[in-house]
Amino acid sequence: MPIDRIRIATRQSSLALWQANYVRDHLERLHPGLTVELLPLTSRGDQLLDIPLAKVGGKGLFVKELERAMLDGEADIAVHSMKDVPMEFPDGLHLPVICEREDPRDAFVSNHYADLDALPAGAVVGTSSLRRQCQVLARRPDLEVKFLRGNVNTRLAKLDRGDFDAIVLASAGLLRLEMRERIRQFLPPEILLPAGGQGAVGIECRRDGSLEALLQPLHCEATAARLLAERAVVRRLDGSCQVPIGCYSELDNGELWLRGLVGDPDGSTTVRAERRGPAADGEAMGIDLAEELLASGADKILASI
Ligand SMILES: NCc1[nH]cc(CCC(=O)O)c1CC(=O)O
């Protein structure tokens, strides 16, 4: 029987809903006659907003509830921010589609200062990502980094009420939610190497050929090639979001340029490595790069966290 309805399990943050609606709109436009519905769910990661993610079980919390809904037959697909997606999928599920990437850079947002370098000594920067903390402090050891979690709107509200002089968060979220004017500086990868997969959205679903055929036009091969390499680095480093790992690739004419970083949360030590090679070798390049990082001291940093 042909598929005439697809149910999308989604978290309820405005960004998650935007991403689910993005997939819904594309699917409905591609397949006239197909009905696409959203199934909004609450994940533990969204309930426990005051606790560092590392303490409540890591990023996987955001996807588990959505996976449960698919396995129980309540939903057919789930739309994820790829940087929150764990490396392994439960039996029966997989992630065959990676959509075109939004801007992968981190954003510097402030109501008073034009960029990271313009902050005065002692200024307070909000982020709860050890990756951002480590790189902000590596460049500006005179700043203070303070804990900030919550969805995009919550984080901006805390900035606006004066809790921070600036915050750092993913550009992709702000751009999707039409808040480009909030971004004072797109932090270049040389200053702040993004998280593996940042800015990309993926679609997880049951292993089902006819379902996958409907989703396939949303797949972006270039983004998938970049993420294969980036995720290989993170996987080899055993990285969850608790660890300060940055990893970013660019693709130019089939040539992949992959950069990786592991740092101390206090910014005192950062270990970097990079590789260039054909995109077809991306996964092997990622593993190789991760091994160079480990051999150059990343092993000690990661063991101490
Ligand atoms: N960890 C939460 C999360 N997951 C994905 C994004 C942003 C959008 C993206 O990377 O696609 C964010 C917010 C942030 O890091 O500021």
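Quick note: residue numbers are just sequence positions, from 1. In listed order, ligands and their atoms are each counted from 1.
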> Can you list, pair by pair, the side-chain donor-acceptor contacts under 3.5 Å of residues 117-126, counting residues two or more places apart and other chains?
residue: Asp117; atom: OD1; partner: Arg139; partner atom: NE; Å: 2.9
residue: Asp117; atom: OD2; partner: Arg139; partner atom: NH2; Å: 2.8

> Look at the rings of Trp18 and Tyr22 and say which category their plane angle falls in: under 30° parallel, 30 to 60° tilted, over 60° perpendicular.
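Parallel, since the angle between the ring planes stays under 30°.
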> Does Leu15 come within less than 4.0 Å of ligand 1, judged by its heavy atoms?
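In this structure, Leu15 qualifies as a contact of ligand 1 - some heavy atom is under 4.0 Å.
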> Does Gln198, backbone or side chain, put an N or O under 3.5 Å from an N or O of ligand 1?
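For ligand 1, there is no N or O atom that lies under 3.5 Å from one belonging to Gln198.
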> For ligand 1, is Met82 a contact, meaning one of its heavy atoms is under 4.0 Å away?
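Distance cut 4.0 Å: Met82 fails for ligand 1.
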> Which atoms of ligand 1 are found less than 4.0 Å from any heavy atom of Ser81?
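Counting atoms of ligand 1 from 1, those under 4.0 Å from Ser81 are 4 (N), 5 (C), 11 (O).
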> Measure from the side-chain N and O atoms of Gln133 to the backbone N and O of Ser129, and report whether any donor-acceptor pair falls under 3.5 Å.
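Not at all, since once roles are kept as given, no pair shorter than 3.5 Å links the two residues.
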> So is Arg132 close enough to ligand 1, meaning a heavy atom under 4.0 angstrom away?
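It does; at least one heavy atom falls under 4.0 Å.
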> I want to know if ligand 1 touches Leu169 in the polar sense, i.e. an N/O pair below 3.5 angstrom.
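No: no nitrogen or oxygen of Leu169 is under 3.5 Å from one in ligand 1.
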> Non-hydrogen atoms of Arg155 versus ligand 1: any pair closer than 4.0 Å?
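Under 4.0 Å: yes for Arg155.
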> Looking only at distances, please establish whether an N/O atom of ligand 1 is found under 3.5 Å from an N/O atom of Gly199.
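Between Gly199 and ligand 1, an N or O pair is found under 3.5 Å apart.
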> In terms of side-chain geometry, is the basic nitrogen of Arg236 or Asp288 positioned less than 4.0 Å from the acidic oxygen of its partner?
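Judged by the 4.0 Å cut-off on N to carboxylate O distance, Arg236 and Asp288 do not form a salt bridge.
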> For residues Ser14 and Asn153, is any side-chain donor paired with an opposing acceptor at under 3.5 Å?
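Their side chains do contain a donor-acceptor pair, which is all the 3.5 Å distance test asks for.
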> For Glu100, give me all partners under salt bridge (Lys or Arg N to Asp or Glu O under 4.0 Å), at least two apart in sequence or on another chain.
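Glu100 satisfies salt bridge (Lys or Arg N to Asp or Glu O under 4.0 Å) with no other residue.
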> Have Glu212 and His94 got a donor and an acceptor in their side chains that come within less than 3.5 Å?
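Yes, His94 and Glu212 have a side-chain donor paired with an acceptor closer than 3.5 Å.
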> Going by the atom numbers of ligand 1, which of them fall below 4.0 Å from some non-hydrogen atom of Ala170?
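In order of numbering, the contacting atoms are 7 (C), 14 (C), 15 (O), 16 (O).
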> Are any of the N or O atoms of Arg176 closer than 3.5 Å to those of ligand 1?
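It does: an N or O of Arg176 is found under 3.5 Å from an N or O of ligand 1.
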